[in-house]
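Written below as structure tokens is the structure these notes are about.
Remember, it's a predicted structure, so these values are computed and weren't measured experimentally.
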Amino acid sequence: MELEELEGQEPVSPNGQYFSSNVISLSVLAVWEFEIPIDPESQTIPLLIKNIFLPVSPRFSSIMVENNGKKEWKRVEVKIEDHVYTPTFPSGLSLESYDKYFDDYISKLLTERFPQGKPLWEIHIISYPTSNAAANVIFKFHHALGDGYSLMGALISSMQRADNPSLPLTFPSRKPSESKRENFVTKTFSGFCNTISDLWSGTLKTMNEDVPTPIRSGNDAIEFRPATVSTMTFSLDQIKSIKDKLGVTVNDVLTGMIFFGTRLYMQEMNQSSSKADCTAMVLLNTRIMGDYVPIEEMIKPNSKAPWGNRFTFMHVPIPKLTELSNALDFIWNARKIIKRKRNSFAAYFNSRLLEIVQKFGSHEACGKYIHRTLKNSSILISNLIGPVEQMSLANHPIKGLYFVVGGGPLGFEITVVSYMGKVRVAFKMEKGVIDPQKLKSCMENALQMILNDSHEHMSLDI
């Protein structure tokens, strides 16, 4: 396809270059579940893309080109029809059969890389019903376009409130839990010690990989192997009730539950594996503001919530069942480790290290470093917040949503998003390695045990 150049070129961000190398090519798939069917022949969604979605960021109308070893964004003319796909499945099947077709389709999308010469996004309209929805729309973006925060902001800008389109969407309150103020000298010294410790543990993780366990096969080229995606839903109020009783954050509760449920699953599948060392890569938004801001604000040069890839990842060891005395300890442990790692400059030094590697090597060398670090871990965990109110796209109400990451060399990835008072947890797993039903059962048991222990903890405090 011949593309018409529209204007000058801008450099691709360092993270964008790292995530689009020959070694690693990451994508984000956002799945929107609709309450009512979607007509695949309708031009409503293509028109919305042209008039609302594309103007959000010039990157949606750009291709990635390379000049003298540096990648740049080049504006081109976008042909909407080249980015919108409406797959055809057999008609008249049961919901269970359409579930299977949908699962196979999303597994294929997760392993496919974007074609060259076109802007790096696609929209797939699945007009067949599944157990969860009357229709599904899958938005696939290359990670070089932006991180989850940016891409979620772009999608939300194209949506309306289902109950009243004239009102803006709102998001859950993110009030930080109260914590003791630390002495400046003490905080600085602990930050220095944390940085040294994190740099050392990060170096070891780059060189040494986790052993094979029921959640990690250790296979090569996992990013090209078939994947299974399974989701489960929790009540946000239930999670918040635990948060309030323990004086922690929602993320602390969710991370603790995931760690606990993962260890319960490992123990059930292989008793000895529950003692194995396992590492989780936890992604954190590094923006000053955590809540979404209008796209116009996001793309300003000095925005406090800028567009792009503004996140870092932390190596967090998953505690063993034998190391902790009860379910709540998994939450306390997760809170302690993540808080300590936030008080560290290791992420800053890692960014500088990648810049040095790129300067004297190439973005391919940086891609290899990131690929190896991810591959050596057992789990990737990422989370986003979604609207409190129900969204609609072209008068089609959205009943649920979740996202997954494709192209990563891990066989077990967990993503979390809140929406309409619920928390949706998606598990992307190497096919045939993890039993989805047993895993979800272990996660449910973990939450129930945490709930029971939190009630006891509250009564003890009283």
Side-chain angles (χ1 to χ4, degrees), residues 23-24 26 110 197-228 254-284 312-324 329-330 333-334 336-338 340-341 344 346-347 350 367-383 404-416 425-436 438-439 442-443 446:
V23 180
I24 187 169
L26 298 181
L110 286 165
S197 173
D198 290 345
L199 288 173
W200 176 247
S201 63
T203 302
L204 290 177
K205 179 47 56 186
T206 303
M207 297 186 296
N208 302 306
E209 60 181 313
D210 288 352
V211 299
T213 64
I215 63 169
R216 184 179 187 276
S217 69
N219 291 327
D220 292 326
I222 287 177
E223 57 267 45
F224 301 110
R225 293 174 176 267
T228 298
L254 289 170
T255 305
M257 181 200 74
I258 288 169
F259 285 174
F260 187 29
T262 298
R263 282 297 186 183
L264 290 176
Y265 174 82
M266 293 172 66
Q267 179 176 257
E268 183 170 328
M269 301 303 291
N270 184 331
Q271 183 74 32
S272 62
S273 73
S274 62
K275 299 179 181 178
D277 292 330
C278 292
T279 308
M281 300 291 288
V282 180
L283 273 60
L284 292 177
T312 185
F313 50 77
M314 303 183 299
H315 301 87
V316 180
I318 303 175
K320 301 165 187 170
L321 292 173
T322 54
E323 294 174 340
L324 305 177
D329 283 344
F330 277 85
N333 182 271
K336 178 182 176 182
I337 292 176
I338 292 175
R340 185 188 68 77
K341 287 182 174 289
S344 166
N350 281 331
K368 288 180 181 178
Y369 176 86
I370 293 172
H371 183 280
R372 185 167 60 249
T373 303
L374 291 173
K375 181 180 182 297
N376 288 352
S377 303
S378 295
I379 308 178
L380 177 72
I381 301 176
S382 179
N383 68 82
V404 288
V405 179
L410 290 92
F412 189 26
E413 298 175 2
I414 302 175
T415 51
V416 183
V425 180
F427 306 98
K428 179 202 157 195
M429 303 158 282
E430 183 182 357
K431 195 167 187 177
V433 174
I434 298 176
D435 184 324
K438 284 188 178 180
L439 176 67
C442 289
M443 291 294 171

Given side-chain contact (heavy atoms from CB on, under 4.5 Å), test Ile381 with Phe412 step by step and report yes or no. CA-CA 9 Å; Ile381 301 176; Phe412 189 26; over 6 Å; no
Let me see the working for Cys278 and Arg216 under side-chain contact (heavy atoms from CB on, under 4.5 Å), right down to the final yes or no. CA-CA 9 Å; Cys278 292; Arg216 184 179 187 276; over 6 Å; no
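- A donor-acceptor pair is defined here as one N or O able to donate and one able to accept, closer than 3.5 Å; no such pair exists between the side chain of Ser273 and the backbone of Thr213.
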Run the side-chain contact (heavy atoms from CB on, under 4.5 Å) test on Leu439 and Met429 for me, step by step, so that the C-alpha distance in whole Å, both residues' side-chain angles and the decisive distance to 0.1 Å come before the verdict. CA-CA 11 Å; Leu439 176 67; Met429 303 158 282; 3.9 Å; yes
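- Between Asp220 and Arg225 the shortest heavy-atom distance is O-NE, 3.2 Å.
- Note that the OG1 atom of Thr322 and the CZ atom of Arg263 stand 8.0 Å from one another [nearest 0.5 Å].
- Atom-to-atom distance recorded for Ile379:CD1 and Leu410:CG is 9.0 Å, nearest 0.5 angstrom.
- Separating the CG atom in Leu374 from the CG atom in Leu26 is a distance of 7.0 Å, to the nearest 0.5 Å.
- The two atoms that bring Pro409 and Ile24 nearest to each other are CD-CD1, 4.3 Å, heavy atoms only.
- Between the side chain of Tyr265 and the backbone N or O of Met443, no donor-acceptor pair lies under 3.5 Å.
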Between Val316 and Thr255, is a side-chain contact (heavy atoms from CB on, under 4.5 Å) present by the stated rule, with each step listed? CA-CA 10 Å; Val316 180; Thr255 305; 5.9 Å; no
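- Residues Thr228 and Phe427 fail the side-chain proximity criterion, which asks for heavy atoms closer than 4.5 Å.
- Heavy atoms only, all atoms of each residue included: Ser217 and Ile222 are closest at OG-CD1, 4.1 Å.
- Smallest separation of non-hydrogen atoms from Ala227 and Leu110: CB-CD1, 4.2 Å.
- Two residues are said to be in side-chain contact when any heavy atoms from C-beta on lie closer than 4.5 Å; Ser382 and Val405 fail this criterion.
- Separating the CE atom in Met266 from the CD1 atom in Ile318 is a distance of 7.0 Å, to the nearest 0.5 Å.
- Shown here for Asp277 and Lys320, the closest heavy-atom pair between the two residues is OD1-NZ, 2.7 Å.
- The distance from the OG1 atom of Thr262 to the CD1 atom of Ile215 is 5.5 Å, given to the nearest 0.5 Å.
- Atom CZ in Phe259 sits 14.0 Å away from atom CG in Asp329 (nearest 0.5 Å).
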